[in-house]
Amino acid sequence: MRALLDRFLPVDLRRRIAQWRHAPAWLRASRAKNETSIVLDKHVLDELSATFEEPPPYGYDPEAVRRRGDIRARELMDLHGGSIRPDDRRSLELGCYDGMVSACLTERGFVAWTTDLSAKGFDPRLGPAGVKRVVTDGEALPFPDGYFDLVFSYDVLEHLRDPEQVLREAARVLRPGGLIYFASGPLYPSPYGLHALRATPVPYCQFLFSEEVMREVEVNGPGPFPWVNGWSIRDYRRLWKRLEDVLVLVRSREGLIWEFCDVIAKYPGCFREGIGGHTGFNLEDLTTPSVKVLFRRR
């Protein structure tokens with residue numbers, strides 16, 4: 001039944017249903033607004049870890065990277081009815097890491113640039129594919145105004161210290177009428193928003209446990225957690241409004257995850273404050289793990 005609802009009901013309606021079903025738990029948490037946020041003991045983390053399944057691996061082997069790049073390249077080709085001009089396809093990928101999306105775009109006729117803060121993740125196949133690689137910060141791009149037809153990014157928004165500046169830079173280097181596409185997640189307040197999945201499968205660990213406990217998990221895990229900016233879906237919606245002077249919002253598609261609302265219901269007092277002092281999240285923030293947003297340059 002849940003699968004049918006997820007398949008056929010619009011996301012806004014599914015969100016309302018989830019909020020209605022779990023309103024009592026959230027009301028209890030709201031009544032505790034002026035109380036000190038509680039955190040759980042380390043032994044509870046060990047107990048909860050045994051109740052949640054490990055996620056499937058993301059996949060960084062050459063075949064997985066190539067497959068993911070091809071899927072995303074096909075998604076980009078379908079943006080907005082294929083409105084990218086066929087004879088003038090310059091693309092820029094921000095925060096590319098391996099850059100294989102851009103490599104797959106070159107096979108579809110694009111002249112592709114990739115950028116990242118470091119070259120260590122660049123896939124060796126980028127060179128033979130003709131992808132131009134640039135190590136740079138997205139807040140100050142070394143490209144002329146109006147140079148690209150498409151600027152895009154995957155899984156980067158939540159790691160930006162200044163998302164507005166990066167998007168304004170993306171708009172600057174985009175031609176009028178060109179497209180910007182950002183697909184990102186998990187957002188910080190959502191179940192796996194701490195990006196700690198490789199170390200623990202417990203959802204909402206950024207709210208349930210102290211910074212000290214999670215630092216211990218990080219130290220004993222496979223590697224450091226990626227830094228995240230703490231933004232919620234409502235923060236991004238406000239950003240879309242601030243960008244209206246340079247960008248037209250074509251569409252914004254938000255994910256919805258309600259599988260772990262029982263965790264909120266069981267520990268409502270934990271959800272007053274997250275790691276790093278992030279506060280003010282509501283049930284909508286907690287159940288929106290991702291966003292895919294498409295803009296057109298004015």
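Only this structure's heavy atoms are used, side chains among them; waters, hydrogens and symmetry mates stay out.
Here Y192 pairs with F260 under the ring-ring contact (aromatic ring centres under 6.0 Å, His included) rule; sequence neighbours left out. K120 meets the salt bridge (charged side-chain N to carboxylate O under 4.0 Å, His left out) test with no other residue; sequence neighbours excluded.
Between Y204 and P189 the shortest heavy-atom distance is CE2-O, 3.4 Å. For the residue pair S153 and L94, the shortest heavy atom distance occurs at OG-O, 2.9 Å. Nearest heavy atom pair, residue I233 against residue D285, reads CG2-OD1, 3.7 Å. When all heavy atoms of E139 and Q165 are compared, the closest pair comes out as O-NE2, 3.0 Å. Of all heavy-atom pairs between L157 and N229, the closest is O-ND2, 3.0 Å. Nearest heavy-atom pair, A171 versus V246, reported as atom, atom and distance to 0.1 Å: CB-CG2, 4.2 Å.
Judged purely by atom type and a 3.5 angstrom limit, D70 has no side-chain atom pairing as donor or acceptor with the backbone of R66. No side-chain donor-acceptor contact under 3.5 Å links E273 to the backbone of T279. Between the side chain of H195 and the backbone N or O of G193 there is at least one donor-acceptor pair closer than 3.5 Å. In terms of modelled atom types and a separation under 3.5 Å, the side chain of D116 and the main chain of Y97 share a donor-acceptor contact. A donor-acceptor pair is defined here as one N or O able to donate and one able to accept, closer than 3.5 Å; no such pair exists between the side chain of R133 and the backbone of G99. E169 places a side-chain N or O within 3.5 Å of a backbone atom of L141 that can act as its donor or acceptor partner. The backbone N or O of H43 sits nowhere less than 3.5 Å from a side-chain atom of D41 that would complete a donor-acceptor pair. Counting only distance, with no hydrogens or angles, the side chain of H159 and the backbone of W227 share a donor-acceptor pair below 3.5 Å. Although no hydrogens or angles enter the test, the distance criterion places no donor-acceptor pair under 3.5 Å between the side chain of R198 and the main chain of F225. The closest donor-acceptor contact from the side chain of Q206 to the backbone of Y188 lies under 3.5 Å.
Side-chain contact, E158 with Y236: no donor N or O sits under 3.5 Å from an acceptor N or O. Under the 3.5 Å distance criterion, with hydrogens and angles disregarded, no donor-acceptor pair is assigned to the side chains of S49 and D46. Side-chain contact of Y58 with D155: a donor-acceptor pair under 3.5 Å is present, judged by distance alone. Using modelled atom types and a 3.5 Å distance limit, the side chains of E254 and T288 yield no donor-acceptor pair.
A salt bridge links E284 to R237: at least one charged side-chain nitrogen sits closer than 4.0 Å to a carboxylate oxygen. Under the 4.0 Å criterion applied to side-chain N and carboxylate O atoms, D235 and R238 are assigned as salt-bridge partners.
Checked options T51, L208, L194; the residue passing with V202 is L208 (criterion: side-chain contact (heavy atoms from CB on, under 4.5 Å)).
Heavy atoms from other residues, nucleotides or ligands lying under 6.0 Å from CZ of R253 number 12 at most. At most 12 non-hydrogen atoms from other residues, nucleotides or ligands lie less than 6.0 angstrom from NZ of K292.
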(request) Using the side-chain contact (heavy atoms from CB on, under 4.5 Å) rule, take R168 and D245 through it: C-alpha gap first, then chi angles, then the decisive distance, then the call. (result) CA-CA 10 Å; R168 287 191 178 276; D245 59 319; 3.1 Å; yes
(message) Using side-chain hydrogen bond (donor to acceptor under 3.5 Å, both in side chains), reason through Y181 and E75 one step at a time and then give a plain yes or no.
(response) CA-CA 10 Å; Y181 181 71; E75 178 183 35; 2.7 Å; yes
(request) Show your working on side-chain contact (heavy atoms from CB on, under 4.5 Å) between C104 and V101 and close with a plain yes or no. (result) CA-CA 5 Å; C104 292; V101 183; 5.9 Å; no
(request) Start with the C-alpha distance between E216 and K42, add both sets of side-chain angles, then the distance that settles side-chain contact (heavy atoms from CB on, under 4.5 Å), and finish with yes or no. (result) CA-CA 10 Å; E216 180 183 342; K42 173 65 164 60; 3.9 Å; yes
(message) Checking V248 against R298 for the side-chain contact (heavy atoms from CB on, under 4.5 Å) test, could you report, in this order, the C-alpha distance in whole Å, the side-chain angles of both residues, the deciding distance, and whether it holds?
(response) CA-CA 6 Å; V248 176; R298 287 189 183 280; 3.6 Å; yes
(request) Please test Y267 against F207 for ring pair (Phe, Tyr, Trp, His ring centres under 6.0 Å), starting from the C-alpha separation and ending with a verdict. (result) CA-CA 10 Å; Y267 306 107; F207 297 102; over 10 Å; no
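Residues C205 and M214 have side chains in contact (heavy-atom distance under 4.5 Å, counting atoms from C-beta outward). By the 4.5 Å heavy-atom criterion applied to side chains, V44 and F209 are counted as neighbours. Counting heavy atoms from C-beta on, the side chains of D149 and F110 never come closer than 4.5 Å. V213 places none of its side-chain heavy atoms less than 4.5 Å from the side chain of V39. In this structure, the side chains of V135 and T115 stay at 4.5 Å or more apart for every pair of heavy atoms.
Note: F152 and Y154 have perpendicular aromatic rings, judged against thresholds of 30 and 60 degrees for the angle between ring planes.
One hydrophobic cluster, built from ILVMFWY side chains closer than 4.5 Å, holds both L174 and V134. Following chains of ILVMFWY side-chain contacts shorter than 4.5 Å, one can reach L294 starting from L76, so the two form part of one hydrophobic cluster.
Judged by a 6.0 Å distance limit and a 45° cone about the ring axis, R90 is positioned over the six-membered ring of Y147.
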